[in-house]
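This report concerns only the one structure given below.
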Amino acid sequence: MSKAHLSFQHPILLSLILSTLFIHYSHGDVGTASRYGPPFLPTACFGGDASQFPSSNMFGSAGEGIWDNGAACGRQYQVRCISAAAPRTCIPGQAIQIKIVDRAQSSVSRPSTTGTSMVLSTTAFQAIANASASLINIEFQQ
(Lines give C-alpha, C1' and ligand atoms only; values in the text may rest on other atoms or scores of the structure.)
Protein backbone atom coordinates (compact mmCIF):
# COMPACT_ATOMS: atom_id res chain seq x y z
CA MET A 1 0.00 0.00 0.00
CA SER A 2 1.49 3.39 -0.97
CA LYS A 3 1.88 6.46 1.30
CA ALA A 4 -0.53 8.39 -0.91
CA HIS A 5 -3.11 5.64 -0.51
CA LEU A 6 -2.70 5.68 3.28
CA SER A 7 -3.04 9.45 3.52
CA PHE A 8 -6.29 9.46 1.52
CA GLN A 9 -7.72 6.33 3.12
CA HIS A 10 -6.85 7.28 6.70
CA PRO A 11 -6.94 11.09 7.06
CA ILE A 12 -7.44 10.87 10.83
CA LEU A 13 -4.35 8.70 11.24
CA LEU A 14 -2.31 11.04 9.06
CA SER A 15 -3.44 14.14 10.98
CA LEU A 16 -2.62 12.42 14.29
CA ILE A 17 0.89 11.58 13.10
CA LEU A 18 1.45 15.11 11.80
CA SER A 19 0.14 16.71 15.00
CA THR A 20 2.61 14.76 17.13
CA LEU A 21 5.44 16.08 14.97
CA PHE A 22 4.49 19.77 15.08
CA ILE A 23 2.64 20.42 18.34
CA HIS A 24 4.35 20.88 21.70
CA TYR A 25 2.31 19.40 24.51
CA SER A 26 2.57 21.02 27.93
CA HIS A 27 2.86 18.56 30.76
CA GLY A 28 2.96 21.06 33.61
CA ASP A 29 1.16 23.95 35.17
CA VAL A 30 1.75 27.53 34.13
CA GLY A 31 2.32 30.32 36.61
CA THR A 32 4.70 33.09 37.58
CA ALA A 33 7.94 33.20 39.51
CA SER A 34 9.84 35.96 41.23
CA ARG A 35 13.12 35.80 43.11
CA TYR A 36 14.38 36.50 46.57
CA GLY A 37 17.74 36.69 48.24
CA PRO A 38 19.20 36.04 51.68
CA PRO A 39 18.49 35.59 54.46
CA PHE A 40 17.10 32.16 53.64
CA LEU A 41 15.37 30.59 56.62
CA PRO A 42 12.91 27.75 55.92
CA THR A 43 10.66 28.74 58.82
CA ALA A 44 7.30 27.61 57.43
CA CYS A 45 8.54 24.17 56.36
CA PHE A 46 11.46 23.08 58.50
CA GLY A 47 11.44 25.33 61.56
CA GLY A 48 14.56 27.19 60.43
CA ASP A 49 16.65 24.05 59.85
CA ALA A 50 19.10 25.22 57.18
CA SER A 51 20.27 21.64 56.57
CA GLN A 52 17.06 21.18 54.53
CA PHE A 53 18.43 23.43 51.77
CA PRO A 54 19.77 21.56 48.74
CA SER A 55 23.53 22.06 48.36
CA SER A 56 22.93 23.30 44.80
CA ASN A 57 20.96 26.30 46.16
CA MET A 58 18.15 25.33 43.78
CA PHE A 59 15.18 25.94 46.04
CA GLY A 60 12.11 28.09 46.33
CA SER A 61 9.10 29.11 48.36
CA ALA A 62 5.58 28.04 47.50
CA GLY A 63 3.03 30.66 46.54
CA GLU A 64 -0.47 30.29 47.89
CA GLY A 65 -1.63 28.39 44.79
CA ILE A 66 0.70 25.46 45.49
CA TRP A 67 1.21 25.82 49.27
CA ASP A 68 -1.56 23.26 49.97
CA ASN A 69 -1.63 23.82 53.77
CA GLY A 70 2.06 22.96 54.01
CA ALA A 71 1.96 19.81 51.88
CA ALA A 72 4.25 21.56 49.37
CA CYS A 73 7.17 21.45 51.85
CA GLY A 74 9.94 19.28 50.46
CA ARG A 75 8.29 18.79 47.07
CA GLN A 76 10.55 18.82 44.03
CA TYR A 77 9.48 20.79 40.96
CA GLN A 78 10.87 20.98 37.44
CA VAL A 79 10.70 24.64 36.40
CA ARG A 80 11.40 26.46 33.17
CA CYS A 81 10.96 30.06 32.09
CA ILE A 82 8.53 30.40 29.18
CA SER A 83 8.19 34.19 28.81
CA ALA A 84 8.57 37.58 30.44
CA ALA A 85 7.65 41.20 29.78
CA ALA A 86 11.11 41.97 28.39
CA PRO A 87 12.26 40.06 25.31
CA ARG A 88 15.09 37.55 25.70
CA THR A 89 14.64 37.28 29.47
CA CYS A 90 14.31 33.48 29.49
CA ILE A 91 17.34 31.28 28.92
CA PRO A 92 16.15 29.04 26.05
CA GLY A 93 16.00 25.30 26.69
CA GLN A 94 17.00 25.62 30.34
CA ALA A 95 15.01 23.79 33.01
CA ILE A 96 15.88 23.36 36.68
CA GLN A 97 14.74 21.22 39.56
CA ILE A 98 13.98 22.99 42.82
CA LYS A 99 12.93 21.94 46.30
CA ILE A 100 10.20 23.86 48.14
CA VAL A 101 11.64 24.94 51.50
CA ASP A 102 9.26 27.69 52.62
CA ARG A 103 5.97 29.50 52.13
CA ALA A 104 6.36 32.67 50.06
CA GLN A 105 3.88 34.62 52.16
CA SER A 106 5.78 34.00 55.39
CA SER A 107 9.39 33.97 54.15
CA VAL A 108 11.83 36.21 55.96
CA SER A 109 13.18 37.63 52.69
CA ARG A 110 10.51 39.37 50.60
CA PRO A 111 9.97 38.22 46.99
CA SER A 112 10.67 40.67 44.16
CA THR A 113 6.98 40.44 43.21
CA THR A 114 4.14 39.33 45.50
CA GLY A 115 1.40 36.87 44.54
CA THR A 116 3.55 34.59 42.41
CA SER A 117 3.25 30.82 42.07
CA MET A 118 6.84 30.34 43.26
CA VAL A 119 9.60 32.49 44.65
CA LEU A 120 12.96 31.12 43.53
CA SER A 121 16.33 31.50 45.17
CA THR A 122 18.63 33.86 43.31
CA THR A 123 20.68 30.89 42.07
CA ALA A 124 17.60 29.08 40.73
CA PHE A 125 16.11 32.20 39.13
CA GLN A 126 19.33 33.13 37.35
CA ALA A 127 19.68 29.59 35.99
CA ILE A 128 16.54 30.05 33.87
CA ALA A 129 16.21 33.82 33.40
CA ASN A 130 18.12 37.06 33.11
CA ALA A 131 19.10 38.38 36.55
CA SER A 132 17.63 41.83 35.84
CA ALA A 133 14.07 40.46 35.61
CA SER A 134 11.83 40.52 38.64
CA LEU A 135 8.95 38.41 37.30
CA ILE A 136 8.81 35.60 34.76
CA ASN A 137 6.16 33.25 33.43
CA ILE A 138 7.00 29.64 34.16
CA GLU A 139 5.93 26.11 33.39
CA PHE A 140 6.34 23.76 36.34
CA GLN A 141 5.54 20.22 37.31
CA GLN A 142 6.10 18.10 40.34
Side-chain angles (χ1 to χ4, degrees), residues 1 3-4 6-142:
M1 192 179 288
K3 284 184 180 181
L6 277 177
S7 65
F8 291 117
Q9 289 291 334
H10 304 286
I12 295 172
L13 179 61
L14 179 63
S15 64
L16 179 63
I17 291 169
L18 290 175
S19 69
T20 60
L21 294 174
F22 298 111
I23 297 176
H24 169 73
Y25 293 98
S26 174
H27 297 288
D29 293 313
V30 176
T32 57
S34 62
R35 59 181 159 71
Y36 68 136
F40 300 121
L41 298 171
T43 54
C45 287
F46 306 110
D49 181 4
S51 71
Q52 295 299 316
F53 288 113
S55 60
S56 65
N57 287 324
M58 297 293 206
F59 57 87
S61 295
E64 294 308 298
I66 62 171
W67 176 243
D68 196 17
N69 292 321
C73 291
R75 285 183 185 160
Q76 302 278 331
Y77 285 92
Q78 179 106 11
V79 182
R80 71 180 187 98
C81 180
I82 55 174
S83 67
R88 291 182 270 239
T89 297
C90 296
I91 299 173
Q94 185 68 352
I96 57 170
Q97 184 169 329
I98 63 144
K99 177 181 179 181
I100 297 296
V101 297
D102 208 353
R103 181 181 188 185
Q105 187 174 1
S106 62
S107 65
V108 174
S109 177
R110 296 286 100 192
S112 57
T113 303
T114 58
T116 59
S117 306
M118 292 181 183
V119 183
L120 304 175
S121 68
T122 303
T123 303
F125 191 91
Q126 291 177 354
I128 59 172
N130 185 309
S132 64
S134 60
L135 181 70
I136 58 174
N137 297 311
I138 58 169
E139 179 182 65
F140 62 95
Q141 70 180 40
Q142 188 175 343

*Please answer whether the main-chain N or O of Ala84 pairs with a side-chain N or O of Thr89 as donor and acceptor at a distance below 3.5 Å.*
no

*Counting only N and O atoms by type, is there a donor-acceptor contact under 3.5 Å from the side chain of Thr116 to the main-chain atoms of Ala33?*
no

*In Å and rounded to the nearest 0.5 Å, what is the CD to OG distance from Glu139 to Ser117?*
12.0 Å

*asked:* Taking Ala133's backbone N and O only, do any of them form a donor-acceptor pair with Arg35's side chain (distance below 3.5 Å, no angle check)?
replied: yes

_Nearest heavy atoms of Ala72 and Ala62, plus distance in Å_ = CB-CB, 4.0 Å

*Rounded distance [0.5 Å steps], CD in Gln126 versus CG in Asn57*: 11.5 Å

*asked:* Go through it in stages, so that I can follow the logic: the residues are Gln78 and Gln141, the test is side-chain hydrogen bond (donor to acceptor under 3.5 Å, both in side chains), and I'd like the CA-CA distance, side-chain angles, deciding distance and then a yes or no.
replied: CA-CA 5 Å; Gln78 179 106 11; Gln141 70 180 40; over 6 Å; no

*Decide yes or no on side-chain hydrogen bond (donor to acceptor under 3.5 Å, both in side chains) for Asn137 and Ser83, but give the supporting numbers first.*
CA-CA 5 Å; Asn137 297 311; Ser83 67; 2.8 Å; yes

*asked:* Less than 4.5 Å apart, side chain to side chain, heavy atoms only: is that true for Leu120 and Ile128?
replied: yes

*Begin from the C-alpha positions of Thr32 and Leu135 and carry the test side-chain contact (heavy atoms from CB on, under 4.5 Å) through to its verdict.*
CA-CA 7 Å; Thr32 57; Leu135 181 70; 3.8 Å; yes

_If you compare all heavy atoms of Cys81 against all heavy atoms of Ile138, which two are closest, and at what distance to 0.1 Å?_
CA-CG2, 4.3 Å

*asked:* On a heavy-atom basis, which atom in Arg80 and which in Gln94 lie closest, and how many Å separate them?
replied: CB-O, 3.5 Å

*Could you tell me which non-hydrogen atom of Met118 sits nearest to which non-hydrogen atom of Ile98, and how far apart they are?*
SD-CD1, 3.8 Å

*Provide the closest heavy-atom pair for Ala129 versus Ile136 in the form atom of the first, atom of the second, distance.*
CB-CG2, 3.9 Å

_Cation-pi check, Lys99 onto Phe40 ring (under 6.0 Å, within 45° of axis)_ = no

*Measure up the Tyr77 and Phe140 rings against each other and bin them: parallel (under 30°), tilted (30 to 60°), perpendicular (over 60°).*
perpendicular

*Could you go step by step and tell me if Tyr36 and Ser121 meet the side-chain hydrogen bond (donor to acceptor under 3.5 Å, both in side chains) rule?*
CA-CA 6 Å; Tyr36 68 136; Ser121 68; over 6 Å; no

*Does the side chain of Thr43 reach to within under 4.5 Å of the side chain of Asp102, using non-hydrogen atoms?*
yes

*Give the minimum heavy-atom separation between Val101 and Pro42, together with the two atoms involved.*
O-CB, 3.0 Å

*Report the distance from atom CD of Gln105 to atom OG of Ser61, rounding to the nearest 0.5 Å.*
11.5 Å

*Roughly how far, to the nearest 0.5 Å, is the CZ atom of Arg75 from the CH2 atom of Trp67?*
10.0 Å

*Checking Asp68 side chain against Gly70 main chain: does a donor-acceptor pair fall under 3.5 Å?*
no

_Let me confirm one number: the CE-CD1 distance from Met58 to Ile96, rounded to the nearest 0.5 Å._
5.0 Å

